[in-house]
Amino acid sequence: MEIKIICHRCKQKFSASTTTEIIICPQCRTVIPNRTPRKQSPPSGGHYGSSIPSLIDNLLKKLCLALKPATAPGLSSFVYPKSCGLDNVGTLGNKRAVLCGVSYKKWKYKLKGTINDVFNMRALLIQYYEYRDENMLILTEEQPDARLIPTKANIESSLKWLVKDCRSGDSLVFYYSGHGLRQPDFEDDEIDGFDETICPVDFLKEGMIVDNDIYKTIVQPLTEGVWLHAIVDACHSGTILDLEHYYDNNEQQWKDNKPPSGARKQTSGGKAYCISACEDDQVAADTTAFSSKTMNGALTYILIEVVKADPDVTYGNLLKRIEERIEKANERGCVGGSRILSRIFGPNITQKPLLSASEQFNVYETQFKL
């Protein structure tokens with residue numbers, strides 16, 4: 001006999017057997033206890049009370065059997081549900097992704113759309129680019145496993161997993177939705193004098209993750225034939241990977257972003273690309289101007305919509321369309337009761353997506369492909 005279930009986290013509807021003690025949502029992986037009443041018989045040779053410890057032990061054993069560990073560095077007990085049929089969890093396939101959304105839900109300045117962003121990006125990668133769940137790490141504050149909470153240590157471990165043993169033919173994605181900040185640069189490797197950062201959920205205690213460290217972790221190790229794409233929906237995220245070139249969409253040409261110190265920020269033969277929500281001195285917005293139903297990061301929402309409408313879109317046209325959509329949303333911000341993009345900056349915000357890369361290429365002839 002089966003029962004109908006609605007996941008309390010992602011609202012996914014699905015069915016499960018009434019005899020299953022541990023239920024796992026096939027959409028968001030949340031563990032859901034089965035509270036369906038079931039008849040029980042007293043164990044032979046004893047009373048109900050004396051069997052409680054053994055019942056708990058059996059329940060825990062079944063939970064462990066329902067989960068399968070992956071082999072990510074620093075995440076040796078990272079789990080996915082066996083019920084989803086992921087028999088090779090954690091193996092290093094040709095396509096791997098780390099998707100990180102930080103909502104800061106215990107903070108005054110929490111972000112409401114980051115978890116939506118993560119699962120929308122997950123769906124895009126699976127449906128349009130043939131990524132598989134078993135080769136993704138998803139970090140949000142809603143994860144039941146503490147090792148998948150987006151702390152500084154967990155994000156750093158996940159990034160190391162992303163590039164570990166990378167080889168020719170691999171396509172890697174790092175997606176981040178959360179707060180981004182800047183801090184003074186003391187190493188003379190930033191043209192504007194500031195390092196860009198992302199903010200883990202525990203950054204007030206453990207510190208931010210600086211662009212220098214992101215470069216060393218996921219850009220520098222890239223070997224010949226490996227492709228990395230980073231999509232960063234955060235404030236001040238323009239050159240968050242410290243790549244040596246960025247594209248000026250207004251002037252239609254590449255610009256130099258090499259460190260003034262003369263240091264080089266190169267890969268080990270691979271290619272790295274980053275699409276950021278805004279330039280280094282700008283802020284990024286969440287939006288309901290594009291959708292009245294959910295809150296999302298503006299960059300993430302528009303990028304996904306553009307790709308779905310035109311899967312063969314080039315990098316240049318993708319940037320152009322994102323800018324156009326933001327401009328239109330700004331125009332609607334003051335009329336017709338539409339909500340503005342940013343509660344902080346009023347009906348007009350200055351947010352221009354930025355493309356940076358480890359090497360220059362023709363953006364209007366190269367298809368955007370993750």
Where at least one partner belongs to residues 120-142, residue pairs that pass ring-ring contact (aromatic ring centres under 6.0 Å, His included), sequence neighbours excluded = none
query = Should Pro200 and Pro150 count as side-chain neighbours, where that means a heavy-atom distance under 4.5 Å?
reply = no
request  = Measure up the Tyr176 and Phe174 rings against each other and bin them: parallel (under 30°), tilted (30 to 60°), perpendicular (over 60°).
outcome  = tilted
key: Other residues, nucleotides, ligands: >12 heavy atoms within 6.0 Å of Lys152 NZ   = yes
key: Heavy-atom check, side chain of Met121 versus side chain of Phe119, under 4.5 Å   = no
inquiry  = Between Ser171 and Asn94, is there a side-chain heavy-atom distance shorter than 4.5 Å?
reply    = no
query = Do the charged groups of Asp170 and Arg96 touch, with an N to O distance under 4.0 Å?
reply = yes
query = Can you name the one residue among Lys352, Lys320, Glu323 that meets side-chain hydrogen bond (donor to acceptor under 3.5 Å, both in side chains) with Asn249?
reply = Glu323
ask   = Side chains of Ile198 and Ile214: does their closest heavy-atom pair fall under 4.5 Å?
value = yes
ask   = Is there side-chain contact between Ile209 and Phe203, with heavy atoms separated by less than 4.5 Å?
value = no
task = State, to 0.1 Å, how close Val313 and Leu318 come at their nearest heavy-atom pair, and which atoms those are.
result = CG2-N, 3.7 Å
request  = Output the distance between atom CD1 (Ile322) and atom CG (Leu354), rounded to the nearest 0.5 Å.
outcome  = 11.0 Å
task = Please determine, by modelled atom types, if Thr151 and Asn154 share a side-chain donor-acceptor pair under 3.5 angstrom.
result = yes
Short side-chain to backbone donor-acceptor contact, Asn296 and Gly113, under 3.5 Å = no
For Leu370 against Val173, the heavy-atom pair lying closest together = CB-CG2, 4.1 Å
query = Does a side-chain heavy-atom distance below 4.5 Å link Arg182 with Thr197?
reply = no
query = Do Ile231 and Leu303 come within less than 4.5 Å of each other through their side chains, counting heavy atoms only?
reply = yes
inquiry  = Going by side-chain contact (heavy atoms from CB on, under 4.5 Å), Leu139 matches just one of Ile155, Val102, Val201. Which one?
reply    = Ile155
query = Considering residues at least two apart in sequence or located in another chain, which fulfil the ring pair (Phe, Tyr, Trp, His ring centres under 6.0 Å) criterion with Phe361?
reply = Trp254, Tyr273, Tyr315
query = What salt bridge (Lys or Arg N to Asp or Glu O under 4.0 Å) pairs are there with at least one residue in residues 259-273, not counting sequence neighbours?
reply = Asp189-Lys265, Asp242-Lys265, Glu244-Arg264, Lys271-Glu359
inquiry  = For Gln367, give me all partners under side chain to side chain contact (heavy atoms under 4.5 Å, CB included), at least two apart in sequence or on another chain.
reply    = Asp312
task = Not counting sequence neighbours, list each pair that qualifies as a salt bridge (Lys or Arg N to Asp or Glu O under 4.0 Å) and has a residue in residues 208-226.
result = none
key: Check ion pair Arg321-Glu305 (N to O, under 4.0 angstrom)   = no
key: Heavy-atom side-chain proximity of Val118 to Cys100 below 4.5 angstrom   = no
request  = Just jot down the side chain to side chain contact (heavy atoms under 4.5 Å, CB included) partners of Asn362, sequence neighbours excluded, or say none.
outcome  = Tyr364, Glu365
query = Any luck finding a side-chain donor-acceptor pair between Ser177 and Asp233 under 3.5 Å?
reply = no
